[in-house]
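To start, the structure itself, in structure tokens.
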Amino acid sequence: MPRSLCRPAAPAVTRRPSLITVAVAAGLLGGLVPVLLPAAGPVASAGSAAAASAGSALPDRDWLWPVEGPRTVVAPFRAPVHDYGPGHRGMDVAAAGAVRAPASGAIAFRGTVVDRPLLTIDHGNGLVTTLEPVQSDLDAGTAVRRGDRIATLASGGHTPPGALHIGVRWNGAYINPMLLFGGVPRAVLLPCGSDGC
């Protein structure tokens with residue numbers, strides 16, 4: 001038999017769902033992309049996957065809710081398919097009055113962006129939180145501890161009245177803040193067969 005016809009069988013290939021498949025599943029399941037991606041890192045978008053996960057787990061998951069009282073999510077996190085795609089890169093929670101630091105860190109920015117008064121905290125370990133709309137007297141560089149009252153709820157921007165937008169970036173990529181507050185159940189994708197899904 002000619003040598004070209006004697007080839008060993010190709011090894012079996014294990015396929016992971018593509019980001020497009022995951023994005024479609026996320027749309028059908030209400031935006032659960034961060035918990036549907038591999039456990040190496042809950043990321044927001046395809047372009048940011050490597051930057052956010054880097055093969056490691058989130059460094060801190062014991063965050064304090066920045067609002068007191070009942071916690072009602074008005075608008076959940078919805079990950080975009082890519083860095084510039086539509087989505088909701090944070091979550092909006094019902095709020096009134098004082099806003100607390102969810103974790104210790106230092107104020108990185110206080111000011112107005114477009115029409116939104118906001119406050120950004122650098123927690124170290126690649127984690128940065130932005131809270132909006134809020135009014136605060138704290139200056140950049142001020143150290144804050146978990147639970148400190150750092151601002152009061154204001155108005156402006158895309159957040160509905162009576163709600164606080166919480167955005168969290170991990171190594172530059174937006175992640176679902178609920179991962180830090182312990183409120184995201186693990187979802188499992190089932191394989192699609194030859195008959196479809």
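If you read the sequence from its start, that first residue is 1, and numbering goes on from there. This structure is a prediction, so every number in the text was calculated from the model and none was measured.
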Check your understanding: Would you say Val73 and Ile166 are hydrophobically clustered, going by side-chain heavy atoms of ILVMFWY under 4.5 Å?
Key -> yes
Review point. If Ile, Leu, Val, Met, Phe, Trp and Tyr residues are connected whenever their side-chain heavy atoms lie under 4.5 Å apart, and connections chain through other members, are Val144 and Val128 in the same group?
Key: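 No; tracing contacts between hydrophobic side chains, which count when under 4.5 Å, never links both residues.
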What closest approach, in Å, do [X] and [Y] show between heavy atoms, and which atom pair accounts for it?
{"X": "Asp139", "Y": "Arg110", "answer": "OD1-NH2, 2.8 Å"}
{"X": "Leu153", "Y": "Ala163", "answer": "CD1-O, 3.4 Å"}
{"X": "Leu131", "Y": "Arg100", "answer": "CD1-O, 4.4 Å"}
{"X": "Val67", "Y": "Ala95", "answer": "CG1-CB, 3.4 Å"}
{"X": "Arg145", "Y": "Ala101", "answer": "O-CB, 3.5 Å"}
{"X": "Ala108", "Y": "Ala140", "answer": "O-CB, 3.8 Å"}

Point to revise | Other cluster members, Val114 - Ile/Leu/Val/Met/Phe/Trp/Tyr, side-chain contacts below 4.5 Å | key: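 Via sub-4.5 Å side-chain contacts, Val114 links to Phe109, Val113, Leu118.
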Nearest-0.5 Å distance that lies between atom [atom1] in [X] and atom [atom2] in [Y]:
{"X": "Leu119", "Y": "Leu138", "atom1": "CG", "atom2": "CG", "value": "6.5 Å"}
{"X": "Asp122", "Y": "Thr130", "atom1": "CG", "atom2": "OG1", "value": "10.0 Å"}
{"X": "Leu179", "Y": "Trp63", "atom1": "CG", "atom2": "CH2", "value": "10.5 Å"}
{"X": "Gln135", "Y": "Glu132", "atom1": "CD", "atom2": "CD", "value": "12.5 Å"}

Could you check if a side-chain atom of [X] sits within less than 4.5 angstrom of a side-chain atom of [Y], using non-hydrogen atoms only?
{"X": "Trp65", "Y": "Val93", "value": "yes"}
{"X": "Thr159", "Y": "Val74", "value": "no"}
{"X": "Phe181", "Y": "Pro102", "value": "yes"}

Are the side chain of [X] and the backbone of [Y] linked by a donor-acceptor contact shorter than 3.5 Å?
{"X": "Thr129", "Y": "Val168", "result": "no"}
{"X": "His123", "Y": "Ser104", "result": "yes"}
{"X": "Asn125", "Y": "Leu127", "result": "no"}

Review point. How far apart are the C-alpha atoms of Ile107 and Ile121, what are their side-chain angles, what is the distance that settles it, and do they pass the side chain to side chain contact (heavy atoms under 4.5 Å, CB included) test?
Key: CA-CA 4 Å; Ile107 303 300; Ile121 306 169; 4.0 Å; yes
Review point. Is Arg149 atom CZ crowded by more than 12 heavy atoms from other residues, nucleotides or ligands, each under 6.0 Å away?
Key: no
Review point. If you count the non-hydrogen atoms of other residues, nucleotides and ligands that lie under 6.0 Å from CG in Asp115, is the total more than 12?
Key: yes
